[in-house]
Amino acid sequence: MTVRMRFPAGPEVPVEDLLPPAVDPPLTVGDERIVDFLTSVSRRLLAPALARRHPELGSLGFFLRRRELARGVERLHAGLDDNVLAFPRGVVFHIPPANVDTIFVYSWALSALAGNTNVVRISPRSAAAADAILEVLNDSLDSADPVVARTQRMVTYGHDDAVTARLSAGCDVRVVWGGDRAVTAVRRHPLAPAARDLTFPDRSSFAVLSVPGWEAAPLAERRDAVARFANDAYWFDQAACASPRAVFLVGDARRADAVRAEFVALLGVAVRERGFDVDAAMAVEKRVGAYGLAADGGVTRMVFHDNLVATLELDGPAVAPREWLGAGTFGFVTVAELAELAPFVRRRDQTLTHFGFTRAELVGLARRLGGRGIDRIVPFGAALTFAPVWDGYDLLREFVRLVTVAD
């Protein structure tokens with residue numbers, strides 16, 4: 001069994017070579033050799049030329065800045081008792097999705113920061129942004145400590161159960177992204193008895209917009225909010241788990257109609273100004289998805305404004321779409337208050353983006369939900385901003401082993 005080496009770049013190698021022996025001296029949590037490498041990667045990702053070609057890499061570059069890395073390690077240690085020490089877990093095997101090109105770097109970087117040896121599978125279907133990241137990683141090796149190349153591996157192979165099974169059997173943590181089917185398929189391959197899975201199955205997300213909050217905001221603020229909403233929705237063609245697929249207008253129903261009309265008009269302008277594009281095949285997919293939802297009932301009005309934006313007016317929260325309907329397709333529902341969303345929320349719901357609410361209102365909704373759904377409540381524009389706490393996991397802590405030393 002062989003795989004193609006992507007980082008460090010190289011020829012096909014046997015799978016057994018991906019599980020190297022322990023290094024001496026071993027990596028530690030917050031190891032400076034890893035921090036120096038990630039900081040070098042950050043500087044390259046933030047280069048203007050690369051950021052213009054792949055704007056999503058700018059967010060990744062900020063995430064990998066030295067100050068952010070140090071803050072994560074400090075937060076980890078601050079949460080530990082004086083008698084508890086943190087060590088790497090060992091070998092971490094990452095299986096990220098193909099449709100979100102940057103997600104593999106976030107989970108890998110946090111695991112590397114925790115001092116682990118990592119093996120990351122890069123899908124053969126990954127797109128240009130993933131290739132750009134791999135190029136940056138390989139370029140950054142020139143000035144890196146040799147331990148980086150010995151302990152951090154990224155490879156590409158097809159749907160080869162034998163390879164996945166061997167890497168699963170040899171790891172201490174397996175990180176699986178990509179939805180329910182992907183998680184179920186990978187779980188067919190057993191782990192060692194002491195190993196564990198971190199899984200990221202199908203998730204859905206939506207947005208809430210306060211009618212009085214929108215009316216009270218200056219026009220410039222409303223335009224900026226819609227531009228940030230467009231970034232949340234149109235990066236990754238609305239297919240990212242955190243991208244909103246429904247918008248709940250919260251407030252008086254009579255006033256909500258005017259708010260929705262202005263929001264949709266501004267959204268069309270923002271999408272065109274930012275150069276987002278929906279090709280013909282995606283436009284057809286959008287119509288198929290929208291008509292399918294309408295056939296199930298609950299759609300009171302459907303408008304295809306152009307290839308970029310389609311809106312579905314719905315008669316209640318229960319019919320709001322959780323499934324992907326095609327890039328730029330949004331269901332709109334009006335409710336009188338945030339509390340009406342509580343019966344709608346399910347465990348699979350991940351991110352709630354918001355505009356026009358007070359913190360007290362948002363905290364009140366979170367307390368009403370009690371952790372049974374919605375892991376993130378963030379402003380418009382922050383849906384795709386990765387954080388060390390994701391899907392309810394404190395990832396850096398998940399990637400370390402805690403050892404108690406009492407005297």
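All residue numbers refer to positions in the sequence shown, counting from 1. No hydrogens, no waters, no symmetry mates; every other heavy atom, side chains included, goes into these values. All of these numbers come straight from a predicted model, not from anything done at the bench.
Ring geometry for Phe399 versus His94: interplanar angle of 30 to 60°, hence tilted. Taking the six-membered ring where tryptophan is involved, the planes of Phe330 and Phe332 are perpendicular, since the angle between them exceeds 60° and thus also 30°.
Remark: the Thr351 side chain and the Arg376 side chain contain an N/O donor-acceptor pair separated by less than 3.5 Å. With 3.5 Å as the limit, one finds no donor-acceptor pair spanning the side chains of Arg43 and Thr39. Side-chain atoms of Gln238 and Trp324 include no donor-acceptor pair closer than 3.5 Å.
Side-chain N or O atoms of Ser168 include one that pairs as donor or acceptor with a backbone N or O of Thr164 at under 3.5 Å. Side-chain atoms of Asp232 come within 3.5 Å of backbone atoms of Gly381 as a donor-acceptor pair (strictly under, hydrogens ignored). A donor-acceptor pair under 3.5 Å is formed between the side chain of Glu340 and the backbone N or O of Ala336. Counting only distance, with no hydrogens or angles, the side chain of Lys286 and the backbone of Asn307 share a donor-acceptor pair below 3.5 Å. The backbone N or O of Thr199 sits nowhere less than 3.5 Å from a side-chain atom of Asp197 that would complete a donor-acceptor pair. Formation of a donor-acceptor pair under 3.5 Å by the Asn138 side chain with backbone atoms of Leu134 is found in this model. Distance alone, capped at 3.5 Å, places no donor-acceptor pair between the Ser59 side chain and the Thr385 backbone. Panel note: side chain Arg322, backbone Phe206; no donor-acceptor pair is recorded below 3.5 Å. Using modelled atom types, one side-chain atom of Glu361 and one backbone atom of Thr358 make a donor-acceptor pair closer than 3.5 Å. The backbone N or O of Gln350 lies less than 3.5 Å from no partner atom in the side chain of Asp375, so there is not a single donor-acceptor pair.
Ionic pairing of Arg71 and Glu74 is not present here: no N-O contact between side-chain nitrogen and carboxylate oxygen is shorter than 4.0 angstrom. Contact check on Arg346 versus Asp349 returns no salt bridge, with no Lys/Arg side-chain nitrogen under 4.0 Å from an Asp/Glu carboxylate oxygen. Taking a cutoff of 4.0 Å between a charged side-chain nitrogen and a carboxylate oxygen, Arg245 and Glu323 do not qualify as a salt bridge. Of the charged side-chain nitrogens involved, at least one lies within less than 4.0 Å of a carboxylate oxygen, so that Arg260 and Glu313 count as a salt-bridged pair. Arg66 has a carboxylate O that lies under 4.0 Å from a charged side-chain N of Asp36, or vice versa, which qualifies the two as a salt bridge. A salt bridge between Arg196 and Asp172 is absent, with no side-chain N of the basic residue lying under 4.0 Å from a carboxylate O of the acidic one.
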| task | For side-chain hydrogen bond (donor to acceptor under 3.5 Å, both in side chains), just list the numbers for Thr156 and Arg6, CA-CA rounded to whole Å, side-chain angles, deciding distance to a tenth of an Å, and then say yes or no. | result | CA-CA 7 Å; Thr156 291; Arg6 305 294 299 278; 2.8 Å; yes
| Should Asn118 and Ser111 be marked as a side-chain hydrogen bond (donor to acceptor under 3.5 Å, both in side chains) after you check the CA-CA gap, both sets of side-chain angles, and the distance that decides it? | CA-CA 7 Å; Asn118 289 277; Ser111 179; 2.6 Å; yes
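Interatomic distance, CH2 of Trp214 versus CG of Leu209, reported as 6.0 Å (0.5 Å rounding). Note: Thr404 OG1 to Asp82 CG = 12.0 Å, rounded to the nearest 0.5 Å. A distance of 14.0 Å separates CZ of Arg397 from CG of Leu110, quoted to the nearest 0.5 Å. A distance of 7.0 Å separates OG1 in Thr28 from CZ in Arg33, rounded to the nearest 0.5 Å. Atom-to-atom distance recorded for Arg121:CZ and Leu18:CG is 13.0 Å, nearest 0.5 angstrom. Separation of atoms OG (Ser205) and CG (Leu352) is listed at 8.5 Å; rounding is to 0.5 Å.
Shown here for Met1 and Ala162, the closest heavy-atom pair between the two residues is SD-CB, 3.3 Å.
Annotation: cation-pi pair Arg274/Tyr234 absent, no NZ/CZ under 6.0 Å from the ring centroid and within 45° of its normal.
Taking the six-membered ring for Trp and the full ring otherwise, the centers of Phe229 and Phe263 sit less than 6.0 Å from each other.
Within the structure, every pair that satisfies the salt bridge (Lys or Arg N to Asp or Glu O under 4.0 Å) test and touches residues 382-395, not counting sequence neighbours, is listed here: Arg75-Asp394, Arg203-Asp391. A salt bridge (Lys or Arg N to Asp or Glu O under 4.0 Å) check over residues 219-228, counting only residues at least two apart or in different chains, returns the pairs Arg222-Glu262, Asp224-Arg228. Residue pairs meeting the salt bridge (Lys or Arg N to Asp or Glu O under 4.0 Å) criterion with at least one partner in residues 143-156, sequence neighbours excluded, do not occur; the list is empty.
For Arg348, the CZ atom counts as densely surrounded, since its 6.0 Å shell holds more than 12 non-hydrogen atoms of other residues, nucleotides or ligands. Glu135 CD: 12 or fewer foreign heavy atoms inside a 6.0 Å radius.
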